Structures are given as structure tokens and as C-alpha cells.
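For reference, the structure discussed in these notes is given below.
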Amino acid sequence: ILTKKAFENAVTVDMAFGGSTNTSLHLPAIAREAGVELSLQTFNEISERTPHLCNMSPGGSHHLQDLHQAGGIPALMLELSRGGLIHQESLTITGKSIGENLKGKKNSNPEVIRPIENPYYATGGLVVLFGNLAPEGAVVKRSAMDDAMLKHRGLARVFDSEEEALEVILDGKIQKGEVVVIRYEGPKGGPGMREMLAPTSAIVGIGRDRDVALLTDGRFSGGSRGAAIGHISPEAAEGGPIAVIRDGDMIEIDIPGKKLNLLISEEELKKRLSLWRPPKKELKGYLKRYARLVQSASTGATFEE
């Protein structure tokens, strides 16, 4: 059941659904255990050919009960199969193939689940970004972003924890156009890669989700919206470039170009990285072992073998 085609089907459905960035953690992690290679680049390749057919809250006006009444995930897969985007021969836990399971299914609401000829967007809901700030990748939920933020340059406001950032955001001290950077919240740094739902919600709450971006080596909830870019790899605790961003640095976000860059010279970046030292963090027991063994978010935050 756990074949390359099965994982590609799962990614395709998530792209059409406009689902959570957490998919790019869970599926690679499961794939690794199954002995299947599923890189972040595969997510981009599938996104490029998969239309976005569902516009769920918070990015859109529909909710899960609407999807259920329209026919649910089977109806969504049926639309995708009409475009040849689903491997119908893949075996499922029912003992039947996907093609067999889709027989008799229908899309009961073509507004909740758009026909493949009439998508909300031509490409999928998730995008993986690469650049000197995310050499191994970063993930953004394109389907929950305002179009005005698809290309953005802004000055960095850097915080070494979620709590520090949240306090400043709630105090109204984040300015239009700035890029909030929250680091040391990745798999090693958290440890455990905490969910950054509070700061993203706070940015939305103060009305800045259309002109302020948030970058983190942590992760997000499926309910997050705005220009929230997470899973930046390598993370700060591993000495990734996010660790050496300074207040006032210019950051470039280019969603269509799939780029995320810190706009400083290569020489300056190398200098900062050579001077970086990991912060001391007192950990005990399992968390200490976890932080020592866990790998980058780009691998699904799996353990070293």
C-alpha cells in the first residue's frame, strides 16, 4: 500500500485541498519509514500540475462540513482522477484500488469542490521555497495568503522564541512591511518544533496579515493564514542561515519564483555563520536525547539512524 504512487496521491489531494503545511512533515516521515523517497522538491513538482479545487476556511469561505456534504475527499479525488492526476491503480486499506473505491462517487457541490476545468487556482495550495535563507527548503500555504504578499521585501524583526515575538506583536510594535522572524523553535531548537499558531493569529488579529510576513523554523496549524513561512531548514539550532539574521536585514519572499533569500552578500553570510555559536539550553532526559538525534524539518523531522 505504501508505494511511491500512494504518497504522490496523498500529496496531490493535499495540494488540491489547500491543506496544512504539516503534510510536508508527516508524509516524508512516513515515507522514510516505508523506505520511499519523498523530497520537498516532489511537493513543488506535484503542486505545479495540480489545480487548487477547494477553498477552505481560514483561506476561503467553506468549511469541512461543506466538503463532507459535497462528497468529501472521494469526490475531490474523483475530480482529480478526471484530469489524470490520481494513480487509480494504487491499492488501499479497503483491499480495493482507488479506482474501484471511486466508482459511484460524485461531486454534489461544484462550488465547494470546483470541477477540474474551473479551479480556484491553477496550481496547488502549498509551495516549497528555496534560497540562501532556506537551502533545504521552507514551506508556505499559498492558498491562505493574500495575493499582495506573493512577492515581498521587508526588514527583519528577529526573535529567539515564540513568546518574545508574541509580546511585541500584541503590543502593536510590528510595522507595516516588516518580516517577523521566530527562530530556535525547530525540531532541535524547540525541542519538538512547536506550533506557531499564536503569533500568526496575533498578526491576523491586529490586521497585519496583508502586509507583514512571518518566518520561522517552527511549524504552523492548518488554521493559520497570511504570509506564514515555516519549516525553514536547516533550522537555527543547527546553525542554519536563519540563525544569523539581524534586525534590519532585508528579506526577499518570492512565492511564484519559489525563493526565500536574505539580501546580504555571500561573504557577509559566510562570515556570520563562521562566528555563530549554538545557544546553551538546559535539557534533561528524553528531550535531551530527542534534540540530539532529530533531523531537519526537510526530512520530516525524523531521527538519525
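Note that this is a predicted model, so its numbers are computed, not measured. Positions are given from 1 along the sequence.
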- Sorted by chain and number, sequence neighbours left out, salt bridge (charged side-chain N to carboxylate O under 4.0 Å, His left out) with Asp211 holds for Arg208

Minimum heavy-atom distance [X]-[Y], with the two atoms named:
X	Y	value
Ile116	Gly83	CD1-CA, 3.6 Å
Arg114	Pro119	NH1-O, 3.5 Å
Gly248	Leu155	O-CD2, 3.4 Å
Thr12	Ile46	OG1-CG2, 3.4 Å
Lys141	Gly18	CE-O, 3.0 Å
Pro241	Leu269	CB-CD1, 4.3 Å

[X] side chain near [Y] side chain, heavy-atom distance below 4.5 Å:
X	Y	result
Glu162	Pro199	yes
Ile251	Val181	yes
Leu64	His68	no
Leu150	Met145	yes
Ile203	Ile174	no
Met56	Val112	yes
Val294	Pro191	no
Lys103	Lys96	no

- Would you call the rings of His52 and Tyr121 parallel, tilted or perpendicular if under 30° counts as parallel and over 60° as perpendicular? parallel

Kindly say whether [Y] contributes a backbone atom to a donor-acceptor pair with the side chain of [X] at under 3.5 angstrom?
X	Y	result
Thr123	Ser47	no
Lys105	Ile73	no
Glu252	Lys259	no
Glu185	Thr216	no
Asp217	Pro234	no
Lys188	Glu238	no
Asn107	Ala75	no
Asp66	His63	yes
Thr42	Leu38	no
Asp254	Lys151	no

- Pair Phe130-Gln41, side chain to side chain contact (heavy atoms under 4.5 Å, CB included): steps then yes or no: CA-CA 10 Å; Phe130 295 93; Gln41 192 57 52; 3.5 Å; yes

Same cluster or not: are [X] and [Y] linked, directly or through other Ile, Leu, Val, Met, Phe, Trp or Tyr residues, by side-chain heavy atoms under 4.5 angstrom apart?
X	Y	answer
Phe220	Phe159	yes
Leu76	Leu27	no
Met149	Ile206	no
Met193	Ile182	no
Leu40	Ile232	no

Measure the [atom1]-[atom2] distance between [X] and [Y] for me, rounded to the nearest 0.5 Å.
X	Y	atom1	atom2	result
Ile229	His152	CD1	NE2	9.5 Å
Lys270	Ile264	NZ	CD1	12.0 Å
Gln69	Ser108	CD	OG	9.5 Å
Ile253	Leu215	CD1	CG	5.0 Å
Thr92	Asn101	OG1	CG	4.0 Å
Leu53	Ile113	CG	CD1	8.5 Å

- Message: Between Thr3 and His87, is the side chain to side chain contact (heavy atoms under 4.5 Å, CB included) condition met? List the steps.
- Response: CA-CA 11 Å; Thr3 64; His87 300 294; over 6 Å; no

More than 12 heavy atoms of other groups within 6.0 Å of [X] [atom1]:
X	atom1	answer
Glu100	CD	yes
Glu117	CD	yes
Lys281	NZ	yes
Glu266	CD	no

- Trace of the side chain to side chain contact (heavy atoms under 4.5 Å, CB included) decision for Leu67 with Cys54: CA-CA 8 Å; Leu67 176 68; Cys54 295; 4.0 Å; yes

- Query: Do the side-chain N and O atoms of Ser296 and Thr299 include a donor-acceptor pair separated by under 3.5 angstrom?
  - Reply: no

- Message: Applying salt bridge (Lys or Arg N to Asp or Glu O under 4.0 Å) to Glu163 and Arg194, what does each step give before you reach the verdict?
- Response: CA-CA 11 Å; Glu163 288 80 6; Arg194 290 195 299 171; 3.0 Å; yes

- Using 4.0 Å as the upper bound for N to carboxylate O, is an ion pair formed by Arg272 and Glu268? yes

- Is there a salt bridge (Lys or Arg N to Asp or Glu O under 4.0 Å) between Asp249 and Arg157 once you walk through the steps? CA-CA 8 Å; Asp249 282 345; Arg157 292 287 300 277; over 6 Å; no

- Task: Report the C-alpha distance between Lys4 and Glu8 in whole Å, list the side-chain angles of each, state the deciding distance to 0.1 Å, and finish with yes or no for side chain to side chain contact (heavy atoms under 4.5 Å, CB included).
- Result: CA-CA 6 Å; Lys4 178 73 169 179; Glu8 289 178 353; 3.5 Å; yes

